[in-house]
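This report refers to the structure that appears directly beneath it.
Keep in mind that this is a model prediction, so the values were computed, not measured.
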Amino acid sequence: GVVGVRNGGTSGYSRRPETSRGQPRLVIHAINPPSHYPTMQTWNDVIRLANHPTPSPRRVEKTPEEWRTLLTPEQFHVTREHGTERAFTGEYCEAHEAGLYACVCCGTPLYDSRTKFESGTGWPSFTQPVDESAIRYHKDTSYGMTRVEVLCNVCDAHQGHAFPDGPAPTGLRLCINSASVKLVSEKVAS
């Protein structure tokens, strides 16, 4: 599982050698969620950012073989092959614990539980990322339709898709696969 660690305000991550199931353990450093969202994204912001992405503050790149050793088969399929888990089957579909949802691949905090809502779609849904630079939007024209794909801006892990049918005030719904994130159960600053 994911273990949250504070290290004096610098951000980064490391992997511990193993967990009880033999999987590498992801360690998150310096998770400092915002106490408020100074600028809330709207659908127009998503479209703007899809056309002009925010540069990533750092990059994590690995070969497919390296990702396979770090992820479960489902996590690899969803994040590295742009797959989608079946609706209502994900671990976080109905989760209500406080914390941050970090990228399962690189440990970057992406979503705050305070922006999670029940969309009824079968996937965890959020109204905002923790920061505009945390995720990247990409125009997705697969399967004969046009959608906006949500990716981790640090390692390009597929997260899900963005839609303009979320709750007020932004109307934004980030529909995210549970397999692409890990809840970091730390106290969320208010």
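Using modelled atom types, one finds a donor on one side chain and an acceptor on the other under 3.5 Å when comparing D131 with S133.
Closest of all the heavy-atom pairs between C155 and R59 is N-NH1, 4.1 Å. Shortest non-hydrogen contact noted between C105 and A157 is SG-CB, 3.8 Å. What you find for K116 and P124 is that their closest heavy atoms are CE-CB, 3.9 Å. Scanning all heavy atoms of the two residues, the minimum distance from A162 to V46 falls at CB-CG1, 4.2 Å. When all heavy atoms are compared, the tightest approach of L172 to P167 is O-CD, 4.1 Å. When all heavy atoms of D156 and L151 are compared, the closest pair comes out as O-CD2, 3.6 Å.
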Show your reasoning for whether side chain to side chain contact (heavy atoms under 4.5 Å, CB included) applies to L70 and Q75. CA-CA 9 Å; L70 298 172; Q75 290 168 336; over 6 Å; no
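Taking CD of E132 as the start and CE of M40 as the end, the distance is 13.0 Å to the nearest 0.5 Å. Residue R136 holds its CZ atom at 11.5 Å from CG of L49, rounded to the nearest 0.5 Å. Atom-to-atom distance recorded for L183:CG and E91:CD is 8.0 Å, nearest 0.5 angstrom. Taken to the nearest 0.5 Å, the OG1 atom of T127 stands 9.0 Å off from the CG atom of D112. Rounding to the nearest 0.5 Å places OG of S119 at 10.5 Å from CG of L174. To the nearest 0.5 Å, atom CZ of residue R86 and atom OG1 of residue T84 are 12.5 Å apart.
The backbone N or O of A179 lies less than 3.5 Å from a partner atom in the side chain of E85, making a donor-acceptor pair. Remark: side-chain polar atoms of S56 are paired, donor with acceptor, to backbone N or O of N153 under 3.5 angstrom. Under the 3.5 Å distance criterion, the side-chain polar atoms of N177 are matched with a main-chain donor or acceptor of Q159. Remark: side-chain polar atoms of Q128 are paired, donor with acceptor, to backbone N or O of Q41 under 3.5 angstrom.
With hydrophobic clusters built from ILVMFWY side chains whose heavy atoms lie under 4.5 angstrom apart, I47 does not share a cluster with F163. Put simply, V78 and V181 are part of two different groups of oily side chains (I, L, V, M, F, W, Y) that touch within less than 4.5 Å, one to the next.
With salt bridges taken as basic N to acidic carboxylate O contacts below 4.0 Å, none links E66 and R80.
Residues satisfying the ring pair (Phe, Tyr, Trp, His ring centres under 6.0 Å) criterion with Y137, sequence neighbours excluded, are absent altogether.
Applying the salt bridge (charged side-chain N to carboxylate O under 4.0 Å, His left out) rule to pairs touching residues 142-154 yields D140-R147, sequence neighbours excluded. Residue pairs meeting the ring-ring contact (aromatic ring centres under 6.0 Å, His included) criterion with at least one partner in residues 68-90, sequence neighbours excluded, are H82-H158.
With a 6.0 Å radius and a threshold of 12 heavy atoms from other residues, nucleotides or ligands, E94 has its CD atom at or below the threshold.
Of the residues listed (W123, Y101, Y111), the one engaging Y92 in a ring-ring contact (aromatic ring centres under 6.0 Å, His included) is Y101, and it is the only one.
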